[in-house]
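Numbered from 1 within each chain, the chains take letters A, B, ... in sequence-line order.
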There are 2 protein chains.
Amino acid sequence: MLRCIVHATIPRYLRVYGSLKAQVESGDFKLGDFLPAEPELQKLFNVSRTTVRRAVELLAQEGFVSIQQGKGTEVLDFKATQRLQYVSSFSETLQEKGFNVRYRDLVAECTPAPRRIAADLKLEPDARVVRVQRVILANGKPIAIIWNYLLPEIVPGIERRIAGMKTLYAFLESEYNLRIEAATDYISAKAAGAEEAARLEVPVESPLLVVKRITYSRGRTIEVAILHVVADKYEYCVQSKDRPPRAT
Amino acid sequence: MLRCIVHATIPRYLRVYGSLKAQVESGDFKLGDFLPAEPELQKLFNVSRTTVRRAVELLAQEGFVSIQQGKGTEVLDFKATQRLQYVSSFSETLQEKGFNVRYRDLVAECTPAPRRIAADLKLEPDARVVRVQRVILANGKPIAIIWNYLLPEIVPGIERRIAGMKTLYAFLESEYNLRIEAATDYISAKAAGAEEAARLEVPVESPLLVVKRITYSRGRTIEVAILHVVADKYEYCVQSKDRPPRAT
DNA sequence: AAGTGGTCTAGACCACGAA
DNA sequence: TCGTGGTCTAGACCACTTA
């Protein structure tokens, strides 16, 4: 039936959203300009006001525009305020910044979970987990030590398959069909101990950024990662918006 | 006029949102339960379906529930799963954790902007900015030094009004009607220098978490904040999710 | 087939900002 | 005052899940 073709239809609010976003990104609307008012957009796209508003709200959520009651909807400097906070992998981030990323001392093994890790994974204290350990090098220089603790039942046989891994998240997605849905990072700092200092090639007591990441997939906690990062070589970036709505 | 009293009205969708959220948090709806269906909620709250949906979408955005077409709206384990990343003030976060928060050495003055700060604020190198400086105490113990650099034209006379300030963001909102729309944090670490160590009452060379925050309001960069936080007393938490919308 | 959420419309009234 | 965005309604039709 011909209808099947038409069937793959994109919601109108997404089309309006995409069209506006493209014009903002291409510079048709410039920084400080105001978008056409809502009644105008209704006519332009031939949709209802509800649909227009939904599209514009999406743009605002992503930081492309700022909606101001009584004034209008202003186009922002999207390079400065862009994007919600999405899950990103450490090595992918480095690669995007143009570094050549390699691993050293990659080890994967099944071990009893340390107590804190077991608690984060919601396992009994002595449950076994898969531990992946590595030193990450950016342009040949060590930049972080990473320990990943994974639930064994979701990554069977990982010890034998991990050799050529490029980034862990991509590996989990392609080999085990595991998509990371969400993550929480806890960030603190510490001074490097003797062994860490040696492996990271920095002086003892150098400040390190400590990141604990808990990742979720299919509604479950599936991984805890611990990163010790050389502080003067990496900056952790977080973008956030707005304030929580208040009720009551 | 009596209308002034009625005037402070809270939108209905926020009331519905607040009511549902309270019931989720208090455990009236349990993990894995489904919320009443939308027509049901309409009757319960006596509002239109649009209003119900808006409330439920808010809950979903914050990770309290998961909306599933054809099935229903499931209550999630809100302690474990993601919420959106909102701009939060350091002192508000501490207060929410139950600490008694005070400031010490609060100073506000107009000074030439340091070069890096001027660049972040998009000012010429020698432009003047308002610098607010303070040590923040949690339960009487120093936990961080904060420097805030503000555009002078948006906070006129702040030097004379700042005395009793409780949190800077609340202060800006109530006194200057400035709502923070977005922020970007850059997080690294460093070892405490002699003066910092003294003011924070920690040993020299102690690891400190360094946060640079750039905040936006009305589409402009309006503030740069630098925080030096005692690393073993505070953890920076980031929640992220996966889900860029696609158009085209 | 029945019930759930997903999209969309047309129209109403309110609140804020600028002239 | 006028134009902007903010909230809300009632009703329609579609798409997905489950039985």
Side-chain angles (χ1 to χ4, degrees), chain A residues 1 3-18 20 32-61 64-76 242 245-247, chain B residues 1-18 20 32-61 64-76 173 176-179 181 217-219 243 245-247:
Chain A
M1 260 136 11
R3 277 213 294 161
C4 294
I5 294 167
V6 184
H7 194 272
T9 179
I10 294 171
R12 291 194 185 190
Y13 73 88
L14 278 185
R15 293 187 205 218
V16 176
Y17 157 81
L20 291 173
D33 281 1
F34 280 78
L35 290 188
E38 290 172 0
E40 195 71 28
L41 291 173
Q42 283 187 60
K43 289 176 206 154
L44 280 172
F45 291 101
N46 193 30
V47 295
S48 72
R49 184 158 167 232
T50 311
T51 302
V52 163
R53 283 179 61 74
R54 200 160 168 189
V56 174
E57 272 158 17
L58 259 184
L59 286 173
Q61 274 179 28
F64 288 100
V65 300
S66 159
I67 304 173
Q68 293 157 55
Q69 185 177 31
K71 290 183 67 179
T73 299
E74 187 177 1
V75 175
L76 299 182
D242 220 69
R246 313 221 179 265
Chain B
M1 266 146 349
L2 285 179
R3 275 214 295 160
C4 294
I5 295 167
V6 184
H7 195 271
T9 180
I10 293 172
R12 291 196 186 188
Y13 72 89
L14 277 185
R15 293 187 207 216
V16 176
Y17 158 81
L20 291 173
D33 281 1
F34 281 77
L35 289 188
E38 289 172 0
E40 197 70 27
L41 291 173
Q42 283 186 62
K43 288 175 206 155
L44 280 172
F45 291 101
N46 193 28
V47 296
S48 72
R49 184 159 166 231
T50 312
T51 302
V52 164
R53 284 180 59 75
R54 201 160 170 189
V56 174
E57 273 158 17
L58 261 183
L59 287 173
Q61 274 179 27
F64 288 100
V65 300
S66 156
I67 304 174
Q68 295 156 52
Q69 185 176 28
K71 290 182 70 178
T73 299
E74 187 176 1
V75 175
L76 300 180
E173 186 160 348
Y176 294 99
N177 195 28
L178 268 182
R179 232 172 59 89
E181 284 166 2
S217 183
R218 301 173 188 163
R243 187 192 69 129
R246 312 218 176 273

inquiry  = Using a heavy-atom cut-off of 4.0 Å across all strands, would you classify B:R53 as base, sugar-phosphate, or nothing?
reply    = base
message = Any non-hydrogen side-chain atom of A:Y17 less than 4.5 Å from a side-chain atom of A:L59?
response = yes
ask   = Of the nucleotides C:dT9, D:dT7, C:dG5, which one has an atom closest to the side chain of A:S48?
value = C:dT9
task = Could you work out which one of D:dT7, D:dT9, C:dG5 sits closest to the side chain of B:P39?
result = C:dG5
query = How long is the gap from CG on B:L20 to CZ on B:F45, to the nearest 0.5 Å?
reply = 4.5 Å
task = With heavy atoms under 4.0 Å as the rule, sort B:T50 into base, sugar-phosphate or nothing.
result = base
request  = Applying salt bridge (Lys or Arg N to Asp or Glu O under 4.0 Å), name anything that partners B:E57, two or more places apart in sequence or on another chain.
outcome  = B:R53
Donor/acceptor link under 3.5 angstrom from B:R49 side chain onto base of C:dG6 = yes
ask   = So what does A:V47 hit on the nucleic acid, given a heavy-atom distance under 4.0 Å: a base, only sugar-phosphate, or nothing?
value = sugar-phosphate
task = To the nearest Å, give me how far apart CD (B:Q69) and C1' (C:dA2) are.
result = 15 Å
note = Quick note, A:P11 side chain, CB onward, closest among C:dG5, C:dT7, C:dC16 is C:dT7
key: Phosphate-side-chain proximity, B:K71 and D:dT18, N/O vs OP1/OP2 below 4.0 Å   = yes
